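Below is one structure, written out as structure tokens, with a few remarks after it.
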2 protein chains.
Amino acid sequence: MANIEAVAKQAGVSVASVSRVINGTAARADTEARVRKAIAELDYQPNSAARALKVRQSEQICLSFDDLANPAYIAMTRGVGRELSATKYRLILSSAFSSVEEIVKHLQTMGRGFADGLIISPIYSDERITKLIAVLQMPVVLVGTLPDGLDVDNVRVDSSAGIALAIEHLVETGRTKIGLINGPLNTKPGIRRKAAFEKAIKAAGFKFDKASVIQANTFSPEAGYFAFSEIDDFSKFDAFVCANDQLAAGAMKFASENGISIPGDIAIVGIDNTDMASLLHPTLTSVDLKAEERGEIAAQLMLDRLANPDRASKQITVEPKLVIRESTTKK
Amino acid sequence: MANIEAVAKQAGVSVASVSRVINGTAARADTEARVRKAIAELDYQPNSAARALKVRQSEQICLSFDDLANPAYIAMTRGVGRELSATKYRLILSSAFSSVEEIVKHLQTMGRGFADGLIISPIYSDERITKLIAVLQMPVVLVGTLPDGLDVDNVRVDSSAGIALAIEHLVETGRTKIGLINGPLNTKPGIRRKAAFEKAIKAAGFKFDKASVIQANTFSPEAGYFAFSEIDDFSKFDAFVCANDQLAAGAMKFASENGISIPGDIAIVGIDNTDMASLLHPTLTSVDLKAEERGEIAAQLMLDRLANPDRASKQITVEPKLVIRESTTKK
DNA sequence: GTCAGAACTGTAAACGATTACAGTTTGAGC
DNA sequence: GCTCAAACTGTAATCGTTTACAGTTCTGAC
């Protein structure tokens, strides 16, 4: 309720003095004391919207992604948050709970006035998001593959190389009949992982068989479980790469319930190397796509851009790393 | 860059008309068309801070919790998000990445101007947060146990009853030497679970032994693993309740690595019934504390309060539910 | 064509802060 | 006590919207 004018009156000074006390500009000790007293008495808190309007800064950075349930994004958030916590910027999160439209509108409103910068990691391959980014008049850092024609700061991971690592490892450990449990094809990772898988299989000297790709319709454990349950003949396979750890966990659950030995009958490689990988039984070999590190880098790019609005945009690529555990090697 | 005045000039109308077109108040078709054209030509987006300042609403609700890595909070977020997505309110998340001070400051700034309401679920038992809530001049819904003297909307779960359910189940299935892997004692759940455990053990007719409580220093799998590794003599126990599923997962990992059979030697009950419970091996019996439902209810309380600022505060309690799986029963 | 009423539009005053700029006070040095 | 610079303070404009109010333009009935 109380505004700066009320505080000024209570303290017997001008609004300018109150503002200066709040913002730490020089003031006589006497003045400062009276202002602080008045602030305390009135429970005054400055209105951030008014401040943001005037100084054209909100000191907030918005991180936006599509799937809160996906641990990889949580890791990314951790990276961004850690990097930001030493600065004046606060992190706010925006995650879509229904449609792409919702997220576009959310970001648009946030854009002018409520956030100084946007770090976005879109999972869905959707025109509208690309268009939004192009139009948004604020610093944007995109995490993930940069859509054509968009020239913004970017950090990505070479996930194809990650899939190749997984395939090489499987081949080296003697697997020859390798399948892919892929994520949905309306997502960017879904599209890219399928292509990368085909390429890596061929590079390993096998011929690529369409039937070796099983499409899940989400990135969830349930989808992984269901994908495995649809396989009629497991003898056609001796290994699977799964598009993320959650799919892998679901598949492993089905295997354990149905007497399929892992890694005895089938080896499994997950992707993302999330915390769960080492908790599963057997522990899960997984390709670390460095989500947390990408988050850190994204935040650094953003801070750098905010300090230096006119520099050319930077594109940074992170290298994946294969973490070998029991699901491909035990005994 | 472009503001409403620029649009007005470009369209040859007054700023009031532009504002009306944007906000859907009546306008002649002709006027509307010209305004829309100008908006498109200038890539105009209204400044949210200015709007929020004028209308005294941000249409944002802030959800704040302390531990982003904890799946229970993610579930809660899902509940809040779903409930809010049909309304005009947007959800923004604030999670502390370092100190309590940081979160208090964050919420304070957010408070006046950037958010219309605050849903907060503090895990740390800290004076400063209680004080903040009391002072904050905006609707607050607190998820969790209400600190003394605070009269705000509240939704909580009877977690003591949950622990009692767990103990009863263990006793019924023949366990007699039950321990607790507790979370940190500077957190509210840590404090409450310990007390509830002692009470339930006594209610079951056993005498309570201090040594049966093992303190972990975080709610993470690593802490659970470490807690189990500290136990010198497993023959003293035939069951453990763990303060959350993550601790349970870590403990089970240690057990599996060290030839302790679960549930053969030791039965395990987790708390929260997170997604991971059904993916572990063996699957984990867990007390569902209904985090998602609590999120939904919190959002409903908030919406109701926003529509009806003067009503008395409501306190709602949710009942926990025990979900029995293999870690207490298999064979 | 007139007129009443409805429908629309423009002017200008807010909302609550920040900050040039000009004016006032303070204090040191003589 | 005077002078001068440094230190502080107050006035008022400004940020980009919304909206009450008054003024204007339509519309349709007569």
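Letters go in sequence order (proteins before strands), and every chain restarts at 1. Since this is a predicted model, take the numbers as computed values, not measurements.
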Considering residues at least two apart in sequence or located in another chain, which fulfil the ring pair (Phe, Tyr, Trp, His ring centres under 6.0 Å) criterion with A/Phe114?
-> B/Phe114
Is any side-chain N of the basic residue among B/Lys9 and B/Glu5 closer than 4.0 Å to the acidic one's carboxylate O?
-> no
Rounded to the nearest angstrom, tell me the gap between atom [atom1] in [X] and atom [atom2] in [N].
X        : N      : atom1 : atom2 : value
B/Asn3   : D/dC15 : CG    : C1'   : 9 Å
A/Leu42  : C/dA17 : CG    : P     : 12 Å
B/Gln57  : D/dT18 : CD    : P     : 13 Å
B/Arg51  : C/dG16 : CZ    : C1'   : 17 Å
B/Arg112 : C/dA17 : CZ    : C1'   : 11 Å
A/Lys9   : C/dG16 : NZ    : P     : 13 Å

Output yes when at least one side-chain N/O atom of [X] is less than 4.0 Å from OP1 or OP2 of [N], else no.
X       : N      : answer
A/Asn23 : C/dT18 : yes
B/Arg56 : C/dG16 : yes
B/Asn47 : D/dG16 : no

Partners meeting salt bridge (charged side-chain N to carboxylate O under 4.0 Å, His left out) with A/Lys105 (sequence neighbours left out) | none
Residues two or more places apart in sequence or in another chain: which of them pass salt bridge (charged side-chain N to carboxylate O under 4.0 Å, His left out) with B/Asp67?
-> none
Residue B/Lys54, side-chain atoms from C-beta onward, closest of C/dT18, C/dC15, C/dA17 =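 Nearest to the side chain of B/Lys54 among the choices is C/dC15.
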Which nucleotide, D/dT19, C/dG16, D/dC15, lies nearest any side-chain atom of B/Ser19?
->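 So the nucleotide nearest the side chain must be D/dT19.
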For A/Arg305, side chain to side chain contact (heavy atoms under 4.5 Å, CB included) partners two or more places apart |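 Testing A/Arg305 for side chain to side chain contact (heavy atoms under 4.5 Å, CB included), a comparison that skips the adjacent residues, returns A/Pro139, A/Asp153, A/Arg311, A/Ser313.
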Under 3.5 Å between N/O atoms: give me all the protein pairs with nucleotides 6-12 of chain D, atom names plus distance.
from   : atom 1 : to      : atom 2 : distance (Å)
D/dT9  : OP1    : A/Thr31 : OG1    : 2.0
D/dT9  : OP2    : A/Arg28 : N      : 3.4
D/dG10 : OP2    : A/Ser14 : N      : 2.9
D/dG10 : OP2    : A/Ser14 : OG     : 3.0
D/dG10 : OP2    : A/Ser17 : OG     : 2.8
D/dG10 : N7     : A/Arg20 : NH2    : 2.8
D/dG10 : O6     : A/Arg20 : NH1    : 3.2

Applying side chain to side chain donor-acceptor pair (under 3.5 Å), which residue pairs with at least one partner in residues 293-303 of chain A are found, sequence neighbours left out?
->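 Of all non-adjacent pairs touching residues 293-303 of chain A, those that pass side chain to side chain donor-acceptor pair (under 3.5 Å) are A/Arg82-A/Glu296, A/Glu83-A/Gln300.
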